[in-house]
Amino acid sequence: MASKRGALIVLEGVDRAGKTTQCNKLVQALIERGRPAELMRFPDRSTTIGQLISAYLEKKSDLEDHTVHLLFSANRWELVPVMKKKLEQGITLVVDRYAFSGVAFTSAKPGFSLDWCMKPDEGLPKPDLVMFLQLNPAEAALRGQFGTERYETSAFQKAVHERFQQLMKDSSVNWKVIDASQNIEGVHNDITTHSLNVFNEAQNTPLGELWR
Ligand code: 2DT
């Protein structure tokens, strides 16, 4: 019998919603339950493409808006062979941001349609579950100041949030909204429950293609 594939689980959300903390905690919780799991994050700043993106985010370089959108997408595509291999080996991937951030951030810029932004990511491995950590701007503000990277302003984050709401209307994606205003353990419990719930289905269905 072929061995069971891992699940592809993505966490998305606005700034300061606690994505990175929660991704780490989820990987730990899955491993403790005997399910091999690894963390990935996008952008992956370690590759050659990732370094171009990182310099752009740190405002050390400027890139034309379409160009940087395509680089973010290329950064996902270059990791697809690795992702597929790990999933086939039965490893569950917990991914900190994915194509949804790609579309939400670029389409928050003037002149970019959701459709145009989605095209380059069409056909990527489709997540079995996408959890959106929901936090309203007032609560996010209580968690401290924005950082200094590109996109870290309240006006831009508000536009990004609106784009995420539009993306979540797409029922072809298994979205779950998580109330990120709870304490860390409360959020973690919700995330773990949803994740454990997708395992059966993920193991019995082939990996899908995003937005196809
Ligand atoms: P962090 O490394 O702090 O998560 O910030 N972004 C991300 C895009 O504009 N497009 C994408 O495809 C992705 C994955 C979100 C990364 C910043 O880059 C933005 C915040």
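Position 1 is the first residue of the sequence, and the numbers go up from there. In each ligand, atom 1 is the first atom listed, and ligand 1 is the first ligand listed.
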J.: Which residues, ordered by chain and number, are linked to Val187 in its hydrophobic cluster, where ILVMFWY side chains connect at heavy-atom gaps below 4.5 Å, directly or through other members?
T.: Ile9, Leu11, Leu26, Val27, Leu30, Ile31, Leu39, Val94, Leu129, Met131, Leu133, Ile178, Ile191, Leu196, Val198, Phe199
J.: Any idea which atoms of ligand 1 are less than 4.0 Å away from a heavy-atom of Arg41?
T.: 1 (P), 2 (O), 4 (O)
J.: Please report which non-hydrogen protein atom sits nearest to atom 9 (O) of ligand 1, along with the residue it belongs to and the distance in Å to one decimal place.
T.: Phe105 CB, 3.2 Å
J.: Should His161 and Gln134 be marked as a side chain to side chain donor-acceptor pair (under 3.5 Å) after you check the CA-CA gap, both sets of side-chain angles, and the distance that decides it?
T.: CA-CA 9 Å; His161 192 259; Gln134 179 94 41; 3.1 Å; yes
J.: Give the numbers and elements of all ligand 1 atoms closer than 4.0 Å to a heavy atom of Gly102.
T.: 10 (N), 11 (C), 12 (O)
J.: Just to confirm my output: which protein heavy-atom neighbour is closest to atom 12 (O) of ligand 1, and how far is it?
T.: Arg76 NH1, 2.7 Å
J.: Would you call Tyr98 and Val130 a side-chain contact if the rule is heavy atoms closer than 4.5 Å?
T.: no
J.: More than 12 heavy atoms of other residues, nucleotides or ligands under 6.0 Å from CD of Gln203: is that the case?
T.: yes
J.: Can you tell which part of Pro43 has a heavy atom less than 4.0 Å from ligand 1: side chain, backbone, both or neither?
T.: both
J.: Please identify which atoms of ligand 1 are closer than 4.0 Å to at least one heavy atom of Phe42.
T.: 14 (C)
J.: Is Leu57 touching ligand 1 with its side chain, its backbone, both, or neither, if touching means heavy atoms under 4.0 Å apart?
T.: side chain
J.: Please check if the number of heavy atoms outside Gln145 that lie under 6.0 Å from its CD is greater than 12.
T.: no
J.: Starting from atom 2 (O) of ligand 1, locate the nearest protein heavy atom and write down its residue, its atom name and how far away it is, to 0.1 Å.
T.: Arg45 NH2, 3.0 Å
J.: Any donor and acceptor pair, going by atom type alone, linking the side chain of Ser73 with main-chain N or O of Pro120 inside 3.5 Å?
T.: yes
J.: Which protein heavy atom lies closest to atom 4 (O) of ligand 1, and at what distance to 0.1 Å?
T.: Arg97 NE, 2.7 Å
J.: Can you see whether Ser113 engages Asp115 through a side-chain donor-acceptor pair at a distance of less than 3.5 angstrom?
T.: no
J.: Which protein non-hydrogen atom lies closest to atom 8 (C) of ligand 1, naming both residue and atom, and how far is it?
T.: Phe72 CZ, 3.3 Å
